[in-house]
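A note on names: the letters A, B, ... follow the listed sequences, proteins ahead of strands, and every chain is numbered from 1.
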Amino acid sequence: MNALVQEVIPPSQFTGANAAVLVGVQSGMLIAGAVVGFLYNTAGIAGILAIDGATYFVSAYCLYKVRRGYVSPRESQKYPREYSEATEATAEALETGENPEVAEAGLSLAVYADMKEGFAYLKRQPLVLALGVTHAIMMAGSGKRKRRPRCAGKRHSSGGATGLGFLEAGWATGAIVGGLIGQPVAASRCALPLYVAACAGLAVGHMATPFVAFLVGAVMMQILFGFFRALVESWRNLVDDIVPRHFMGRTQSAMAILTTVVQLFMSFALGWVAQGAKFDRGVCAAGRALHVTTVSAIRAALALAISCAGGAFLSARPPWKSREVCRVTARCRRLV
Amino acid sequence: MPFLGGVLIDRLDRRYLGVLLDIVRGFFVLAAAYIAWRGHLQLWHLYAMTLITGIGSAMYWPR
């Protein structure tokens, strides 16, 4: 979906488009979360599933009606492929049908080659790599947000199910406000500093969570978490600007591998800490992980700032759109 | 699945891939709804539906 946004939206509107997607998703979850209980009482599980299934078809219809992109994915074939031998051999075997073994093996090789290309691209783009590592740690530290309100809900047991609903609503409200207000701010030249500040806000918030023992405070914390989480999403605008459209999928694949590995490690570690010790310590551990995220984000911001010391960073144009970005890659590679 | 999803969206039409993923997920969720409406819903039906929608979502929203 993110790659499709990059494909059909002009670069000048990436921020607005990403914000609209974020606000749309969070608004839908907020509304659905508010009415699902009533619907379940009247329509039962069959009714809930029927509504859920129908939304997929509405989504499919909307996607079908989406205007054509500025760059057709088929044009990506014009670009030279770094590891083209396997792809060419596979294409030939598929066309002729003479060597099914080659075609089968080639397809696996081609997928592997694409993933390899994604990692090779990340190696050549230290800024994207830094943003990817930051995102991976951030997702691992704060990505399990559904689990956290439930734990917090148990902790604030006086609130019961209603309290849990308030916590969820608080997170969604913060995310919507962050998407509406924060994203336009991120579109200005202070995107990276704002990104660092959002990571720091998440880290400090997680460290402070164990000390918030009353429901209203916990809801306020969730609002802040949602707000900062929406701001952190501004990293997509940076990545959308830097990564070429025909390379976005492979880059996302490489980032997905990175994120999954870090998430697996963090999930086991945080689960072990939260189960064996205390929930509070688990949240603190997540906060510490988010401190690492902040450091990683600062590293990315510094890499860009140092590279653009000639003035592009302070100019009206967002720095990642300037010509300096070409020099960023070379300098950052040595720096990072 | 996000690994393969990323590779696929560079090779296929992203719009039609999204439409296909939506239709497949919608079909299986509606099938589960029908089974539930007939009163035969079992736990493994929900597991299977969640597995399929999860695979689709991982490709739809790669992290």
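A 4.5 Å side-chain heavy-atom check between Y16(B) and L63(A) finds every atom pair outside the cut-off. Counting heavy atoms from C-beta on, the side chains of T53(B) and Y56(A) come closer than 4.5 Å. Using a 4.5 Å heavy-atom threshold, the side chains of D22(B) and F57(A) count as separate.
Between the CG atom in L30(B) and the CG atom in D52(A) there is a gap of 8.5 Å [rounded to 0.5 Å].
A pairwise comparison of heavy atoms in A46(A) and W37(B) identifies CB-N, 3.6 Å as the closest pair. Smallest separation of non-hydrogen atoms from A60(A) and I23(B): CB-CG1, 4.0 Å. Closest of all the heavy-atom pairs between L49(A) and V29(B) is O-CG1, 3.2 Å.
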